[in-house]
Peer 1: 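Before I ask anything, let me first share the structure, which is written out below as structure tokens.
A, B, ... follow the sequence lines: proteins, then strands. Residue 1 opens every chain. Keep in mind that what you see is a predicted model, and the values were worked out from it rather than measured.
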Amino acid sequence: MTELPKQYEHKDAQQRWAKFWDEKGYFQSDPQRGKNAGKKPFTIVIPPPNVTGALHLGHALNDTLQDVLIRYHRMRGFETLWAPGVDHAGIATQAVVERRMFEEEGKTRHDVGRENLVARIWAWKEQYQTRIVNQLKEMGCSCDWRRTRFTLDAVCAKAVRHFFFGLFRDQLIYRGKRLVNWDVHLQTAVSDDEVYHEEVAGNFWYINYPVIDPKPNEPAFVTVATTRPETMLGDTAVAVHPSPKNVFDRFETELNDEIRAASEKEKLELATRLEALQTRRKEMLGSLETFAAMARDGRMVMLPLMNRPIPLICDVWAKPELGTGCVKITPAHDPNDYEVGGRQNLPMINLLNRDGTLNENAGVYAGQKNMKARTMIVADLEKAGLLVKTEDRLIDLAHSDRSKTPIEPFLNDQWFVKMDTLAQSAMDAVTREQIKITPPRYAKSYLDWLGEKRDWPIGRQLWWGHQIPIWYGQNISELELQKAFAGRNDVLWQWDEENNQWWICSQSEDLAGDAVPGHKLVREEDVLDTWFSSALWPHSTLGWPDSTEELAYYYPTSVLITSRDIITLWVARMALAGLFNCGKVPFPQVYIHPKILDKYGEGMSKSKGNGVDPVKVIDKFGADALRFALTYLTTENQDVRLSLDFECPYCQTIVEQTKKNRIQPRVQCPKCKKEFATQWAEKEEDKALASAPVVGERFEVARNFCNKLWNAARFVMMNLSGSVALSQSRNDDLAKNNVKLLLEDKWILSRLATVTQQVAAGIESYHFSEVARTLYDFAWDEFCSFYVEMVKYRLSDPALRPAAERVLTHVLDTLIRLLHPIVPFVTEEIWSRLNEIVPQRGLTSPVNAAESITIAPYPQADTAAIDRNIEDQFGRFQEVLRAVREVRSRQNVPPKTEMRFVVKCDARLAELLKPMTPYFRSMAGAIADDWGENVKIPALSSNVTISGAEIFVDLAGLIDVTAELAKKSKDIQKLEGFIKTKEAKLANEAFVGKAPKDVLNKERDSLTDLQKQLSAAREAFQLLEQQAKSK
RNA sequence: GGGCGAUUAGCUCAGUUGGUUAGAGCGUCUGGUUUACACCCAGAAGGUCACAGGUUCGAACCCUGUAUCGCCCACCA
């Protein structure tokens, strides 16, 4: 065996084992093999990361948890498949590539054309897919890399086509109008996510719309207010609330209620608001009522400048408490007006060209840019005497994140999926518990969102994505279609009444322009929403729609692990798509994990640039440390906050990560003034600099734990090698050898069994933090701090050695298998080295160890070993040990000075502790002189009182009585406090009468015990005082 | 505006159906070259469990309200 370094060297180990695992193909799953072996499958499909950029720690958490489950189940004997892949992320990826192209070459996508742009995005995708896969591999993710899928590859494309075709066949696809966020600069629609709001200085214009043929008692004008006067050209109505009085009444009642309930401080403000409301009511209610009546009467107003009569309508969208109480309705350019238009059957007049200029519907203003038109319109209104007034006002304006230009709401033709039945099926799956969401509170957002059953707009005005498989054909008779597609069931068509054309949907192949002889078919240019293909991920990756072996064996997958922000966009869609395509839910379990936040409490994201590359952490601390830290931090309901900083690669100074420097490709160290590279380094000159690791306390702790584990193993292996006893103890049955287990052996085996149970239960219920904590505490506090320490003494005693060796090896062997799913590399490293020394393992009937821990069996708890009594007994030993150590520390006794002590206790405890005498010597440097009721108390001693025992440490000549008295009186005070509380409790009749028997008895016992401790402590105190005096 | 979550030691967080004296890591302090580990060992100090009520024999935990913070969704002529 090669020499074991004092510190675990992660870099070398990771490289070696990653290669080994890959060559052995342990992570390759085979449905045939699984079936033949009668194994159940355990399957996870990775939430495919976007190819927009590299992974950050948020992904690292997601992937770590998946790998924990995967490795756990693999060891448990499941045929395990973790299917990896990446997502094309339509809008985001195209945006990244377009932006870069513009920055570097000053070109827009219109300059290079569709084909060229798509080629550039593919190149980008290749680059980042490679990087992402490498990141996953560095983390130790045990994916079946042969099955890596991309949402835009041929396999996924086929599934997308079939899904679309199925929806089309079932009449669930339709075409409608929808307002999109239009970026007039880039001439593209952008998603809501890519829109930010910014307050800009603007105006609020009040405009009079003349009433057509007003009756004598009626006003001549309706006044509306707007921040975007140019949209008036597209107005198709003016709305007023149907019953303004009710609205005012309701507001007044509410305000009065609030005032009654409010604090004095708030009352004033609320009263002011009430007054304003009442004033407004007085001034406006009359005219609003009149307008409402006129609206019901079907009256019209004249749209200024356009001279187009438009109706006055009643609609609840008009808020009596806002503006003039009347509102102009521009359905084609305002989301709310669009809805009003829908329910009131108003025409929708689109005013915009795609480049942001006004179109022919804008009359004389056609061809003008928006802002120019605004100025002209305001001037013309003023000229016509219809502009009542202009106010200055801050306007919250939507801007495109990408071009930083204001967004225009733009009415676009759009493909939709009818959600009614689909959404219902996905809701049922959760309410009927075919899908269980953990933690359960997230089921609510899932159900709420689906419950709205809003139709799903699936088209995107992009070039990067699955092009919608629809072709338009005009002037074609149905007979011609039937003839052209005779005998084919993969082509369907539908008549588009509105535009006098056919929609032809093709499932398997792209239709040629002349597929219908004598006619020209034109393909829909838009691509599908990214989520349309992501929705199929659990079954498309398994080969659907083909009836593959994989689909039959692995579907439904076992669990989906993801973050809460895509429960609706992704999880819900997968549920309904899985049900629609396969008739089964895609997964029976969904686990929602916390989010990773940065030091400012903000979620890590690519757009913010605050995402930290896991590789930067791995370089410094190792993959195991990264994984352990993340697992340790994954609790039920708290997001994971990570405070991270750079470490200067030259002088190791910690350089604080700030919002500013964390997105820079290079940063200067404030101490040594040298510049270092960060994860954002891309240019050659930046990459040439030394790269700074990212450091953080949580990772350090985890790294230390890995090292602790390494050293525990190192100790075991150093002692086992060359041992004479080994050959006898390792291969034979423990019982046959008549090897006797001591108290500490039974204790550690009992604890090991309990921990094994807890870990399995924790993993199966997704209590990751608990699992990590349980193992951390067991390994460090129990195995290392106690068992290993105690074994040291036994290893030098040939009689005691065999059992010690046997148990030591067994616990280590079990411990690393328990830990392997979380920290795969260090455990494999230990496993392989242990294999060299102890090829056969097991406490009672040794068997050959697997060649790799990845395929070793996961430990089963030896429940027979669990013994509460033994654990309690051992606990007493620990208490006494702690007491002795405390005295040494308090009395400043040098570590090498031997101490002597006696323990005053009952015979039972004495008998229990006596055999532990050697351990007090080896672990506390103290000799136990006597145990029992009648021990001889040393003349000068330091005393510690614990439950059921008093420890007297002989300190003749050494004792610092003052310190001792101070400590003792503090103890007494504390005990008195506890006793007082407890006495009060037990004097309380209600408690005595109502509390359960066992609680009551426990309280009584505890009081008795405390009282004993107190009197012992008082006695000791007096003794000390005497000693002090006599001295 | 609607929904969800959080508030526990200087910092970051545990605390599993309500039941003795509320825990850990880091940091701080004291003492250590204990032949596995200084990425370590032994010990100590440090908390009115955000606040106010309530339920209960008993509350960090359950209920109501307040304050502060965060997230999601909707909306802002």
Peer 1: Under the side-chain contact (heavy atoms from CB on, under 4.5 Å) rule, collect the residues that match up with A:A239, sequence neighbours excluded.
Peer 2: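 Checked A:A239 against side-chain contact (heavy atoms from CB on, under 4.5 Å); matches are A:I313, A:D315, A:A318, A:V327, A:I329.
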Peer 1: Where the side chain of A:V701 is defined as all heavy atoms beyond and including C-beta, which of B:rC26, B:rC39, B:rA77 is the nearest nucleotide?
Peer 2: B:rC26
Peer 1: Surrounding CZ of A:R921 (heavy atoms of other residues, nucleotides or ligands, distance under 6.0 Å), is the total greater than 12?
Peer 2: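 No, because the 6.0 Å sphere around CZ of A:R921 holds 12 heavy atoms or fewer from other groups.
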Peer 1: Which value, in whole Å, describes the distance between the C1' atoms of nucleotides B:rU12 and B:rU48?
Peer 2: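 Each nucleotide's C1' atom is 22 Å from the other's.
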Peer 1: Is a side-chain N or O of A:T438 found less than 3.5 angstrom from the main chain of A:P440, in a donor-acceptor match?
Peer 2: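 Between the backbone of A:P440 and the side chain of A:T438 there is no qualifying donor-acceptor contact (under 3.5 Å).
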Peer 1: For every nucleotide of nucleotides 8-21 of chain B, 5' to 3': is a protein heavy atom under 4.0 Å from its base (B), only from its sugar-phosphate (S), or from neither (-)?
Peer 2: ----BSS-B--BBB
Peer 1: In whole Å, what separates the P atom of B:rC11 from that of B:rC72?
Peer 2: 26 Å
Peer 1: Quote, to the nearest angstrom, the C1' distance that separates B:rU66 from B:rG58.
Peer 2: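 Each nucleotide's C1' atom is 26 Å from the other's.
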Peer 1: Under 4.0 Å, counting only non-hydrogen atoms across every strand here, what does A:R564 touch: a base, just sugar-phosphate, or nothing?
Peer 2: sugar-phosphate
Peer 1: Say we look at B:rC69 and B:rG43: how far apart would their C1' atoms be, to the nearest angstrom?
Peer 2: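 These two C1' atoms come out 38 Å apart once rounded.
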Peer 1: Mind checking A:R703 for me? I need base, sugar-phosphate or nothing, with any heavy atom below 4.0 Å counting as a touch.
Peer 2: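 Result for A:R703 = base.
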Peer 1: Are any protein N/O atoms closer than 3.5 Å to N/O atoms in nucleotides 29-36 of chain B? If there are, list each pair with its distance.
Peer 2:
unit_1: B:rA36; atom_1: O3'; unit_2: A:R714; atom_2: NH1; d: 3.2
unit_1: B:rA36; atom_1: O2'; unit_2: A:N711; atom_2: OD1; d: 2.5
unit_1: B:rA36; atom_1: O2'; unit_2: A:R714; atom_2: NH1; d: 2.5
unit_1: B:rA36; atom_1: N7; unit_2: A:K792; atom_2: NZ; d: 3.2
unit_1: B:rA36; atom_1: N6; unit_2: A:C784; atom_2: O; d: 3.4
unit_1: B:rA36; atom_1: N6; unit_2: A:E789; atom_2: OE2; d: 3.0
unit_1: B:rA36; atom_1: N3; unit_2: A:N711; atom_2: O; d: 3.1
unit_1: B:rA36; atom_1: N3; unit_2: A:A712; atom_2: N; d: 3.4

Peer 1: Listing request: all salt bridge (charged side-chain N to carboxylate O under 4.0 Å, His left out) pairs with a residue in residues 774-791 of chain A, at least two apart in sequence or in separate chains.
Peer 2: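 Residue pairs passing salt bridge (charged side-chain N to carboxylate O under 4.0 Å, His left out), neighbours aside: A:R751-A:E782, A:E789-A:K792.
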Peer 1: Measure from the side-chain heavy atoms of A:K444 and tell me the nearest of B:rG43, B:rA77, B:rG3.
Peer 2: B:rG3
Peer 1: Compute whether any side-chain donor of one residue and acceptor of the other, for A:N203 and A:T390, lie under 3.5 angstrom apart.
Peer 2: no
Peer 1: When the P atoms of B:rG47 and B:rA9 are considered, how many whole Å apart are they?
Peer 2: 10 Å
Peer 1: Within the 3.5 Å criterion, strictly below it, is a donor on A:N711 or A:Y8 matched to an acceptor on the partner's side chain?
Peer 2: no
Peer 1: Less than 6.0 angstrom separating the ring centers of A:F920 and A:F901, yes or no?
Peer 2: yes
Peer 1: Could you tell me if A:R773 and A:S769 have a donor-acceptor pair between their side chains, going purely by distance under 3.5 Å?
Peer 2: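 There is such a pair (donor and acceptor under 3.5 Å, judged by atom type) between the side chains of A:S769 and A:R773.
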Peer 1: Please pick, from B:rC4, B:rC39, B:rA77, the nucleotide with the shortest atom-to-atom distance to any side-chain atom of A:F204.
Peer 2: B:rA77
Peer 1: State whether A:W780 places a side-chain N or O below 4.0 Å from either non-bridging phosphate oxygen (OP1 or OP2) of B:rC41.
Peer 2: yes
Peer 1: If we take the P atom in both B:rC63 and B:rC4, what is their distance in whole Å?
Peer 2: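 The answer is 12 Å between these two P atoms.
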Peer 1: Measure the spacing between CG of A:L775 and CD of A:E770 and express it to the nearest 0.5 Å.
Peer 2: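 It comes to 11.0 Å.
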Peer 1: Pick base, sugar-phosphate or nothing for A:V327, based on heavy-atom distances below 4.0 Å to the nucleic acid.
Peer 2: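 Base: the residue A:V327, judged by heavy atoms under 4.0 Å, touches a nucleobase.
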Peer 1: For RNA chain B, what dot-bracket results from Watson-Crick or G-U pairs at under 3.5 Å, with [ ] for crossers and | for inter-strand partners?
Peer 2: (((((((..((((.....[...)))).(((((.......))))).....(((((..]....))))))))))))....
Peer 1: Holding to side-chain contact (heavy atoms from CB on, under 4.5 Å), I want the full list of residues that pass it with A:S643, two or more places apart in sequence or in another chain.
Peer 2: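 side-chain contact (heavy atoms from CB on, under 4.5 Å) check on A:S643 returns A:K599.
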Peer 1: Expressed as a whole number of Å, how far does the C1' atom of B:rA59 sit from that of B:rC49?
Peer 2: 11 Å
Peer 1: Work out how far the P atom of B:rU21 is from that of B:rA60, and round it to whole angstrom.
Peer 2: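 Those two atoms are separated by 11 Å.
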Peer 1: Establish, yes or no, whether a centroid distance under 6.0 Å links the rings of A:Y206 and A:F204.
Peer 2: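 Yes, they do, as the ring centres are separated by less than 6.0 Å.
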